[in-house]
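Report on the structure given below.
Counting convention: from 1, in listed order, for ligands and their atoms alike. All residue numbers refer to positions in the sequence shown, counting from 1.
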Amino acid sequence: MKKPHNHLLIIFGASGDLTYRKLIPSVFDLYNQNLLPDNFGILGLGRTEMSDSDFKLKMSQAIDKYSSTKIKSAESKEKFLDYLFYYAFNTKEQKEYAGLKEKIFSLNQSCQTDNNYIFYLATPPSMYSIIPKYLALEGLNDESDGFKRLIVEKPFGFDLKTAQQLNHELRTEFHEEQIYRIDHYLGKETVQNLLVTRFSNGVFEPLWNRNYIHHVEITSTEDFGVGTRGGYYEGSGALRDMVQNHLLLLASLVAMEPPTLINADSIRNEIVKVLQSLRPIPEDKVEEFVIRGQYIASKIKGKQIKGYREEEGVDPHSRTETFVAMKFFIDNWRWAGVPFYIRTGKYLPTKVTEIVIHFQSTPHHIFSEDKAIRDQQNQLVIRIQPDEGLLLKFGMKVPGAGFNVQDVNMDFHYSSLNDTYLPSAYERLLLDSMLGDPTPYWRIDAVEAAWKFVTPFIIA
Ligand code: BG6
């Protein structure tokens with residue numbers, strides 16, 4: 001594997017949960033696989049006062065808890081912790097950015113990171129337009145002496161208008177090529193494998209269209225509630241939190257045309273074409289196409305759970321949806337008339353993300369008079385998580401007299417591959433941003449096309 005160029009990773013929001021649970025453990029996993037550059041450093045920024053050694057201690061615990069590769073030795077972890085530095089800093093204050101610049105420059109010197117910087121915004125979205133502006137005022141967007149990249153976490157906006165506004169603000173200071181809009185679904189191995197399943201197997205190609213596919217179902221359910229994230233979720237709901245980004249992305253990967261090349265632009269061009277072909281759901285037809293729900297207090301597996309409206313940070317009269325089921329169409333030649341169904345929600349019976357392709361049943365039925373059996377369809381189940389894999393359901397003769405048909409499975413599990421390490425989504429995404437490959441990141445036009453589709457039926 002290629003190694004990234006020397007650089008400094010600068011994390012805004014370094015005292016927060018994302019840094020603790022995902023970012024540092026994932027960078028450690030890259031280190032363990034020898035995928036970090038020769039010269040490297042991480043500068044954590046946050047309002048909390050902390051010394052370098054406090055930060056290292058905290059991150060050492062994060063690694064113990066959340067990294068997916070084994071800690072080779074206490075010595076190797078200590079060596080990794082040498083990359084870490086911390087600077088207490090108020091991101092909202094423009095006057096503090098001169099000090100930050102000095103800190104960055106001095107680390108750049110001592111770590112010999114060749115003026116290459118990646119800024120990771122693990123902050124509340126309200127900071128997304130402020131930080132880039134202040135960085136730019138200090139010239140920290142200028143790529144004449146080394147790369148300067150900006151990674152932004154979802155949500156990218158709140159609806160179409162705010163997304164356009166945010167994109168405008170980001171692009172006033174940084175070029176589109178410098179902006180990496182992260183969606184962790186794009187970093188999942190099984191999501192990337194969708195491209196390989198579709199475009200490396202001749203057997204699927206002739207079948208992957210309206211002539212042979214009856215409908216497509218995309219499900220992503222969770223068996224837990226909003227937990228401590230009520231404050232955020234209340235302003236978001238399932239449509240913004242899951243549908244506008246992760247699930248429309250899955251739909252795009254299922255529906256896209258083959259890219260001409262495997263590179264960022266070719267793939268992203270095909271994704272955006274799907275999103276732009278989504279048939280708008282007219283306001284007076286929303287009820288026909290979209291169902292929203294909210295979890296209420298109940299007993300699950302013997303455990304009493306709170307209703308959504310009783311969660312911390314949630315309005316007791318909230319109308320925010322924790323469940324969405326919807327149907328939509330993609331108006332293009334390949335998919336004309338094929339319904340796509342999306343379903344997502346919190347506190348549902350199980351945690352699973354999967355895509356089911358339902359093929360047309362046979363045109364003429366010879367084995368049974370029974371309608372249920374006659375209507376049986378072959379299904380291809382693409383399990384994104386857990387138990388990542390692929391399953392094909394098909395009819396087989398029940399041994400014995402007559403011609404009775406029964407559904408059986410051909411099932412592949414990633415776990416059955418020996419010695420195969422499935423990197424975490426953040427590990428893949430961080431590595432790609434370090435390598436300067438924006439393929440698994442959202443491009444501006446796709447973000448806006450997804451918002452354009454979803455915005456009319458989001459209830460404020
Ligand atoms: C996040 C959402 O983007 O994705 C969460 O904000 C959700 O609400 C999570 O739980 C689901 O991710 P995954 O990888 O567990 O399916």
Side-chain angles (χ1 to χ4, degrees), residues 13 16-23 25-26 29 66 68 120-126 128 151-158 163 180-194 217-253 292-295 305 308 311-314 318 320-324 342-355 382-389 414 422-430 440-442 446-447 450-451 454 458:
D17 208 42
L18 183 69
T19 307
Y20 188 81
R21 290 194 315 130
K22 301 283 185 194
L23 304 184
S26 304
D29 290 331
Y66 295 112
S68 27
Y120 198 116
L121 272 47
T123 63
S126 55
Y128 292 173
I151 305 184
V152 191
E153 272 285 335
K154 79 169 238 292
F156 321 116
F158 189 69
Y180 290 68
R181 297 177 191 82
I182 211 164
D183 176 335
H184 75 283
Y185 265 55
L186 260 169
K188 290 182 192 280
E189 269 301 319
T190 38
V191 171
Q192 299 191 356
N193 186 46
L194 265 168
E217 258 181 299
I218 301 176
T219 305
S220 184
T221 59
E222 291 174 321
D223 54 0
F224 46 84
V226 294
T228 53
R229 299 169 71 225
Y232 148 77
Y233 199 86
E234 181 59 359
S236 164
L239 276 164
R240 290 188 177 92
D241 190 48
M242 292 292 292
V243 176
Q244 185 272 341
N245 35 69
H246 307 324
L247 299 186
L248 286 182
L249 168 77
L250 294 183
S252 308
L253 295 174
R292 304 180 326 130
Q294 208 179 56
Y295 62 83
I305 64 143
Y308 174 68
E311 299 276 18
E312 204 187 313
V314 172
S318 169
T320 299
E321 75 285 346
T322 63
F323 173 85
V324 176
I342 277 181
R343 189 166 38 193
T344 183
K346 304 233 178 251
Y347 264 138
L348 291 170
T350 182
K351 174 153 174 67
V352 66
T353 302
E354 66 178 24
I355 299 166
I382 304 169
R383 286 191 306 264
I384 304 293
Q385 63 191 25
D387 188 16
E388 294 80 355
Y414 270 78
L422 276 190
S424 71
Y426 272 91
E427 209 180 310
R428 280 297 322 266
L429 292 167
L430 280 162
Y441 288 86
W442 280 78
V447 173
W451 274 123
V454 167
I458 288 180

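Residues that satisfy the side-chain contact (heavy atoms from CB on, under 4.5 Å) test with Y20, not counting sequence neighbours, are K58, M59, Q61, A62, K65, Y66. Residues satisfying the side-chain hydrogen bond (donor to acceptor under 3.5 Å, both in side chains) criterion with E311, sequence neighbours excluded, are Y295. Residues passing the ring-ring contact (aromatic ring centres under 6.0 Å, His included) test with Y120, sequence neighbours excluded: none.
Residue Q385 is tested with K351, E354, E189 for a side-chain contact (heavy atoms from CB on, under 4.5 Å); the sole match is K351. For the pairing with S220, the side-chain contact (heavy atoms from CB on, under 4.5 Å) check across T344, I384, L250, I342 returns one residue only, T344.
In summary, the side chains of E234 and Y308 do present a donor paired with an acceptor at a separation below 3.5 Å, with no hydrogens or angles considered.
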For ligand 1, run through the N/O pairs with the protein that fall under 3.5 Å and put one pair on each line.
{"residue": "ligand 1", "atom": "3 (O)", "partner": "K154", "partner atom": "NZ", "Å": "2.7"}
{"residue": "ligand 1", "atom": "3 (O)", "partner": "H246", "partner atom": "NE2", "Å": "2.7"}
{"residue": "ligand 1", "atom": "4 (O)", "partner": "H246", "partner atom": "NE2", "Å": "3.4"}
{"residue": "ligand 1", "atom": "6 (O)", "partner": "K154", "partner atom": "NZ", "Å": "3.1"}
{"residue": "ligand 1", "atom": "6 (O)", "partner": "R229", "partner atom": "NH2", "Å": "2.8"}
{"residue": "ligand 1", "atom": "6 (O)", "partner": "D241", "partner atom": "OD1", "Å": "2.6"}
{"residue": "ligand 1", "atom": "6 (O)", "partner": "D241", "partner atom": "OD2", "Å": "3.4"}
{"residue": "ligand 1", "atom": "8 (O)", "partner": "R229", "partner atom": "NH1", "Å": "2.9"}
{"residue": "ligand 1", "atom": "8 (O)", "partner": "D241", "partner atom": "OD2", "Å": "2.6"}
{"residue": "ligand 1", "atom": "8 (O)", "partner": "K346", "partner atom": "NZ", "Å": "2.8"}
{"residue": "ligand 1", "atom": "10 (O)", "partner": "E222", "partner atom": "OE1", "Å": "3.3"}
{"residue": "ligand 1", "atom": "10 (O)", "partner": "E222", "partner atom": "OE2", "Å": "2.4"}
{"residue": "ligand 1", "atom": "10 (O)", "partner": "K346", "partner atom": "NZ", "Å": "3.2"}
{"residue": "ligand 1", "atom": "12 (O)", "partner": "H184", "partner atom": "NE2", "Å": "3.0"}
{"residue": "ligand 1", "atom": "14 (O)", "partner": "H184", "partner atom": "NE2", "Å": "2.7"}
{"residue": "ligand 1", "atom": "14 (O)", "partner": "K188", "partner atom": "NZ", "Å": "2.6"}
{"residue": "ligand 1", "atom": "15 (O)", "partner": "K351", "partner atom": "NZ", "Å": "2.9"}
{"residue": "ligand 1", "atom": "16 (O)", "partner": "Y185", "partner atom": "OH", "Å": "2.6"}
{"residue": "ligand 1", "atom": "16 (O)", "partner": "Q385", "partner atom": "NE2", "Å": "2.7"}

